[in-house]
Amino acid sequence: MPELPEVEVLRRSLEPLIIGDTIARVEVWNASLREPVDRRKLERLTSGRTIRSVRRRAKYLLADLDGGTTLVTHLGMSGRMTLVADGVPRELHEHVAFFLDSGRRLRLRDPRRFGLVLVMGTDELDEDRHFRHLGIEPLGNGFGGRELESLARRRRAPVKSFLMDARVLVGVGNIYASEALYRAGIHPTRSVSRISSVRWQRLADSIRQTLSQAVQEGGTTLNDFADGRGREGMFQVSLATYDREGETCGRCGGTIRRIVQSGRSTYYCPGCQR
DNA sequence: CGGGCGGCCTGGAGGC
DNA sequence: TGCCTCCAGGCCGCCC
């Protein structure tokens with residue numbers, strides 16, 4: 001579910017609410033997420049510690065705690081993290097919760113259990129197997145057409161799969177890959193070996209624009225997504241192609257098509273994308 | 001090695 | 001109403 005914009009929206013919403021608060025205790029009702037949650041370690045490395053910063057890397061949310069540890073969470077496909085008062089009853093599929101000194105709890109709900117909760121030393125993040133292979137942050141410095149073009153050298157994958165490869169760049173999932181390609185006017189099946197420098201530049205600009213706009217609009221809520229206060233996003237209204245098979249393209253009046261690439265749906269406009 | 005595919009889960013939608 | 005199949009925003013390991 002959540003791609004870069006959703007995790008960034010979540011991060012921004014939580015940051016002012018939880019910085020300076022202290023984790024009093026942790027509850028793990030169901031440890032079987034994508035990887036088993038290590039209760040002992042989680043308890044040992046988080047309880048009694050104050051939250052000093054809230055960051056994002058790729059689609060991971062990172063909370064740096066006192067004592068040089070970082071709490072890592074990933075929402076998988078269906079995860080939602082919200083801050084509620086202690087007294088609010090546990091919701092369906094609420095698997096893990098952090099009770100804070102302020103009398104609130106940060107809870108993780110994740111029906112499909114593709115999410116992740118980990119804790120590690122802050123200095124271990126870069127070498128950790130979840131992070132070490134990750135590519136460029138598309139909203140950070142050092143991302144542009146030139147970088148994309150050089151990463152594509154000696155590869156021949158379809159450009160849509162390339163954009164979704166976390167070793168290349170992070171945060172772009174199935175929705176934003178389709179949307180960015182539409183804005184750049186590039187056909188999703190085009191091989192990365194056959195894209196000109198000008199079009200790489202246009203694609204990098206489109207990725208940045210699409211992601212930034214989605215963050216501004218609070219992310220895309222198709223089913224589950226909400227920020228830390230439970231507010232849903234608005235970017236689904238701005239989607240030009242995603243989940244719009246058969247609808248009319250706003251630019252050329254053609255019909256949006258759906259195809260399957262590497263087992264995932266891709267949406268595009270045959271008139272606008274070459 | 002790059003790239004495609006299946007599997008991990010549950011729930012919602014749509015067909016009959 | 002129920003039952004079945006298909007599909008879903010991520011990621012990883014396996015295979016060719």
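A note on names: the letters A, B, ... follow the listed sequences, proteins ahead of strands, and every chain is numbered from 1.
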Under 3.5 Å, sequence neighbours excluded: what are the donor-acceptor pairs made by side chains of residues 85-92 of chain A?
from    : atom 1 : to       : atom 2 : distance (Å)
A/Arg90 : NE     : A/Glu94  : O      : 3.1
A/Arg90 : NH2    : A/Glu94  : O      : 3.3
A/Glu91 : OE2    : A/Arg107 : NE     : 3.4

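Screening residues 237-263 of chain A for ring pair (Phe, Tyr, Trp, His ring centres under 6.0 Å) gives A/Tyr242-A/Tyr267 as the qualifying pairs, with residues at least two apart or on separate chains. For residues 70-91 of chain A, the pairs satisfying ring pair (Phe, Tyr, Trp, His ring centres under 6.0 Å) are A/Tyr60-A/His74, with sequence neighbours left out. Here ring pair (Phe, Tyr, Trp, His ring centres under 6.0 Å) pairs that include residues 164-191 of chain A, with residues two or more places apart or in two chains, are A/Tyr176-A/Phe235, A/His187-A/Tyr268.
Not counting sequence neighbours, A/Glu147 has no partner by the side-chain hydrogen bond (donor to acceptor under 3.5 Å, both in side chains) test. Residues passing the side-chain hydrogen bond (donor to acceptor under 3.5 Å, both in side chains) test with A/Glu35 are A/Arg129, A/His130, sequence neighbours excluded. Residues forming a side-chain hydrogen bond (donor to acceptor under 3.5 Å, both in side chains) with A/Lys59 (at least two apart in sequence, or on another chain): none. Partners of A/Leu151 according to the side-chain contact (heavy atoms from CB on, under 4.5 Å) rule, which considers only residues two or more places apart in sequence or in another chain, are A/Ile136, A/Phe162, A/Val168. Looking at residues two or more places apart in sequence or on another chain, you find no side-chain hydrogen bond (donor to acceptor under 3.5 Å, both in side chains) involving A/Thr255.
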Per-nucleotide protein contact string for nucleotides 11-16 of chain C (B base, S sugar-phosphate only, - none; heavy atom under 4.0 Å): SS----
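First and last contacting nucleotides of DNA chain B toward chain A (any atom under 4.0 angstrom from a heavy atom, 5' to 3' order): B/dG3 to B/dG11.
Secondary-structure stems of DNA chain B, taken as three or more successive Watson-Crick or G-U wobble pairs (i with j, i+1 with j-1) under a 3.5 Å distance threshold, comprise B:2-8 with C:10-16, B:10-16 with C:2-8.
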